[in-house]
Amino acid sequence: MKRQSLAYLTKQMEQIRQMVASLQPQTTSDKHRFIEIDEACKITRKAKPTIYTLARKGLIPAYKRGKKLYFYEDELLQWIESGRKQVQSMSLQQQAAEIVHGAKRKPKGGYNF
């Protein structure tokens with residue numbers, strides 16, 4: 001009887017442990033890894049000098065260890081996403097007004113051919 005009770009409690013504890021583990025936020029992801037400048041250039045599609053300038057100005061999430069720059073891949077992707085322009089829906093009247101406003105005007109003097 002004691003052996004069955006112990007086995008039952010052990011099984012229940014394991015199920016509780018699994019439930020708690022599944023509720024925990026996943027802190028490590030495949031994208032949260034250190035990368036070096038070459039890979040950062042590929043991800044951002046920017047040249048090395050541009051990346052160095054952005055890092056020096058603090059405009060891009062970077063980490064410096066000695067003379068080397070490191071990045072987290074997920075932070076770079078988030079940085080790229082945060083720079084995305086917001087698409088605003090415009091009514092037909094607003095679109096027409098934008099077209100008229102952006103149209104080039106004919107010169108006042110006209111053309112003499």
Side-chain angles (χ1 to χ4, degrees):
M1 182 79 163
K2 287 184 180 181
R3 194 173 268 182
Q4 290 175 340
S5 297
L6 187 57
Y8 174 76
L9 288 175
T10 303
K11 184 179 177 182
Q12 292 299 313
M13 285 299 295
E14 184 58 33
Q15 287 178 348
I16 290 171
R17 187 177 296 131
Q18 289 175 357
M19 287 171 41
V20 169
S22 69
L23 295 174
Q24 296 295 323
Q26 299 298 324
T27 55
T28 59
S29 70
D30 294 340
K31 300 286 183 186
H32 193 71
R33 62 183 178 93
F34 267 125
I35 58 173
E36 293 186 10
I37 187 121
D38 291 327
E39 196 168 347
C41 291
K42 289 177 186 174
I43 290 171
T44 60
R45 295 185 179 177
K46 295 192 180 295
K48 275 187 185 182
T50 304
I51 297 290
Y52 281 121
T53 301
L54 291 170
R56 187 181 71 246
K57 291 180 178 180
L59 299 174
I60 192 169
Y63 303 89
K64 189 169 184 179
R65 185 75 172 178
K67 291 187 175 187
K68 292 192 91 172
L69 271 180
Y70 297 96
F71 308 86
Y72 276 115
E73 183 177 358
D74 60 339
E75 289 180 355
L76 281 180
L77 294 171
Q78 186 178 7
W79 176 78
I80 292 168
E81 186 69 27
S82 70
R84 174 187 248 176
K85 291 183 179 180
Q86 296 295 323
V87 177
Q88 296 181 5
S89 60
M90 291 197 289
S91 69
L92 290 175
Q93 292 172 337
Q94 289 171 327
Q95 289 176 12
E98 287 288 323
I99 291 170
V100 169
H101 184 274
K104 290 186 176 181
R105 303 278 186 236
K106 188 175 173 181
K108 290 185 178 180
Y111 295 109
N112 293 328
F113 293 109

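Everything quoted here is computed from the prediction, not taken from an experiment. Only heavy atoms go into these numbers, but all of them, side chains included; no hydrogens, no water, no symmetry mates.
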If every non-hydrogen atom of Phe71 is compared with every non-hydrogen atom of Pro61, which pair is closest and at what distance? CD2-O, 3.2 Å
Measure the shortest side-chain to side-chain distance between Leu77 and Glu73 over non-hydrogen atoms and say whether it is less than 4.5 angstrom. yes
Do Ile37 and Leu76 share a hydrophobic cluster, counting only Ile, Leu, Val, Met, Phe, Trp and Tyr and linking them when any side-chain heavy atoms are less than 4.5 Å apart? yes
Closest heavy-atom pair and its distance - Leu69, Ala62: CD2-CB, 4.0 Å
Which pairs count as side-chain hydrogen bond (donor to acceptor under 3.5 Å, both in side chains) when at least one residue sits in residues 54-65, sequence neighbours excluded? Tyr63-Glu75
Rounded to the nearest 0.5 Å, what separation is found between the CG atom of Leu9 and the CD atom of Gln4? 12.0 Å
Near Gln78 CD, under 6.0 Å, is it more than 12 heavy atoms from other residues, nucleotides or ligands? no
Does one hydrophobic cluster hold both Ile80 and Leu59, with members joined at side-chain heavy-atom distances below 4.5 Å? yes
Contacts of Lys68 meeting side-chain hydrogen bond (donor to acceptor under 3.5 Å, both in side chains) (sequence neighbours excluded), chain-then-number -> Glu36
Could you pull out every donor-acceptor pair under 3.5 Å between side chains of residues 45-54 and any protein atom, sequence neighbours left out?
residue	atom	partner	partner atom	Å
Lys48	NZ	Asp38	OD1	3.0
Thr53	OG1	Pro49	O	2.9

Suppose the criterion is salt bridge (charged side-chain N to carboxylate O under 4.0 Å, His left out): which pairs have a residue in residues 6-20, not counting sequence neighbours? Glu14-Arg17
Ring pair (Phe, Tyr, Trp, His ring centres under 6.0 Å) partners of Tyr70, counting only residues at least two apart: Phe34
